[in-house]
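Notes to accompany the following structure.
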Amino acid sequence: MLEELGTIGIWRTAGLLDPAIAAGLEDLGYGAIWIGGSLSGGLGLAQAMLEATRTISVVTSIVNIWFDPATRVAASYQRLEDKFPGRVVLGNGAGHREATGPAYVNPYEPVEREIDAQDLAGVTPEPKVHAA
C-alpha cells in the first residue's frame with residue numbers, strides 16, 4: 001500500500017482542503033493527500049476528496065482517538081475501502097493536548113487499545129499509521 005502513495009504528496013490541515021483542491025492536486029501528479037488535524041471518525045472530508053478524484057490516495061493524519069469509538073472509525077474506514085479500494089490509509093492517534101482538552105492522558109495505552117479495537121472491528125494493520 002505505501003508504495004501507492006507515490007513520491008510526491010501534500011500534508012494540509014483539513015480546513016484548507018476540499019474536493020476541488022484534491023482534484024487539482026491529482027491533475028498536478030500528486031500521489032497522496034495527508035489530511036492534517038484532529039479529524040472525526042466519520043471521515044467525511046476523506047470521502048469527498050476520494051469521490052472527486054480517480055487515483056490519488058488519502059491519508060488521515062490523524063483521526064483523534066478521543067473523539068469517536070473505534071467501531072465508528074472502523075465502519076467509516078471500511079465504507080471508504082469498499083468504495084475506493086487501496087486508496088485510503090487510516091492514520092489515528094491521540095492528537096495534541098490543546099485539541100483534545102481534559103480527556104487527554106498519556107496516549108500510549110489509549111492508542112494501543114484503539115488499534116486493538118480497530119483490528120477486532122476489521123481494520124487490517126496494513127492501511128494504518130499511528131501517532132502517540
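A quick note: this is a predicted structure, and the numbers were derived from the prediction, not measured. Counting from 1, the numbers follow the sequence of the chain as shown. Note: hydrogens, waters and symmetry copies are ignored here, and every other heavy atom, side chains too, is used.
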Q: Determine whether Y77 and I62 fall in the same hydrophobic cluster, where Ile, Leu, Val, Met, Phe, Trp and Tyr are linked whenever their side-chain heavy atoms lie under 4.5 Å apart.
A: no
Q | Set of residues satisfying side-chain contact (heavy atoms from CB on, under 4.5 Å) with respect to A46, sequence neighbours excluded | A | I35, L43, V58, L80
Q: To the nearest 0.5 Å, tell me how far L45 CG sits from T60 OG1.
A: 10.5 Å
Q. Would you call P110 and W66 a side-chain contact if the rule is heavy atoms closer than 4.5 Å?
A. yes
Q. Should we say atom OH of Y30 is surrounded by more than 12 heavy atoms from elsewhere, each under 6.0 Å from it?
A. no
Q) Between D82 and P85, which heavy-atom pair has the shortest distance, and what is it? A) O-CD, 4.0 Å
Q: Looking only at non-hydrogen atoms, find the nearest pair between R54 and D27 and report the distance.
A: NH2-OD1, 4.2 Å
Q. So which heavy atom on D68 is nearest to which on E114, and how close?
A. O-OE2, 4.3 Å
Q) If you take all heavy atoms of G42 and R79, which pair is closest and at what distance? A) O-NH2, 2.9 Å
Q) What side chain to side chain donor-acceptor pair (under 3.5 Å) pairs are there with at least one residue in residues 8-22, not counting sequence neighbours? A) W11-S61
Q: Quick one: pull up CD in Q47 and CG in L50 and give me the separation to the nearest 0.5 Å.
A: 8.0 Å
Q.
Other residues, nucleotides and ligands only: do more than 12 of their heavy atoms fall within 6.0 Å of CD1 on I8?
A. no
Q. Which heavy atom of S38 sits nearest a heavy atom of N64, and at what distance?
A. OG-ND2, 3.1 Å
Q: Considering non-hydrogen atoms only, spot the tightest contact between S57 and G86 and give its length.
A: OG-O, 4.1 Å
Q. So how far is it from I21 CD1 to I33 CD1, rounded to the nearest 0.5 Å?
A. 9.0 Å
Q. What pairs with E51 under salt bridge (charged side-chain N to carboxylate O under 4.0 Å, His left out), at least two apart in sequence or on another chain?
A. K83
Q. Pick from I56, L17, L25: which one makes a side chain to side chain contact (heavy atoms under 4.5 Å, CB included) with I10?
A. L25
Q. Is E26 reaching over with its side chain to a backbone N or O of G31, donor-acceptor style, under 3.5 angstrom?
A. no
Q: Report the C-alpha separation of V73 and L90 in whole Å, then their side-chain angles, then the decisive distance to 0.1 Å, and conclude whether the side-chain contact (heavy atoms from CB on, under 4.5 Å) test is met.
A: CA-CA 9 Å; V73 176; L90 180 61; 3.8 Å; yes
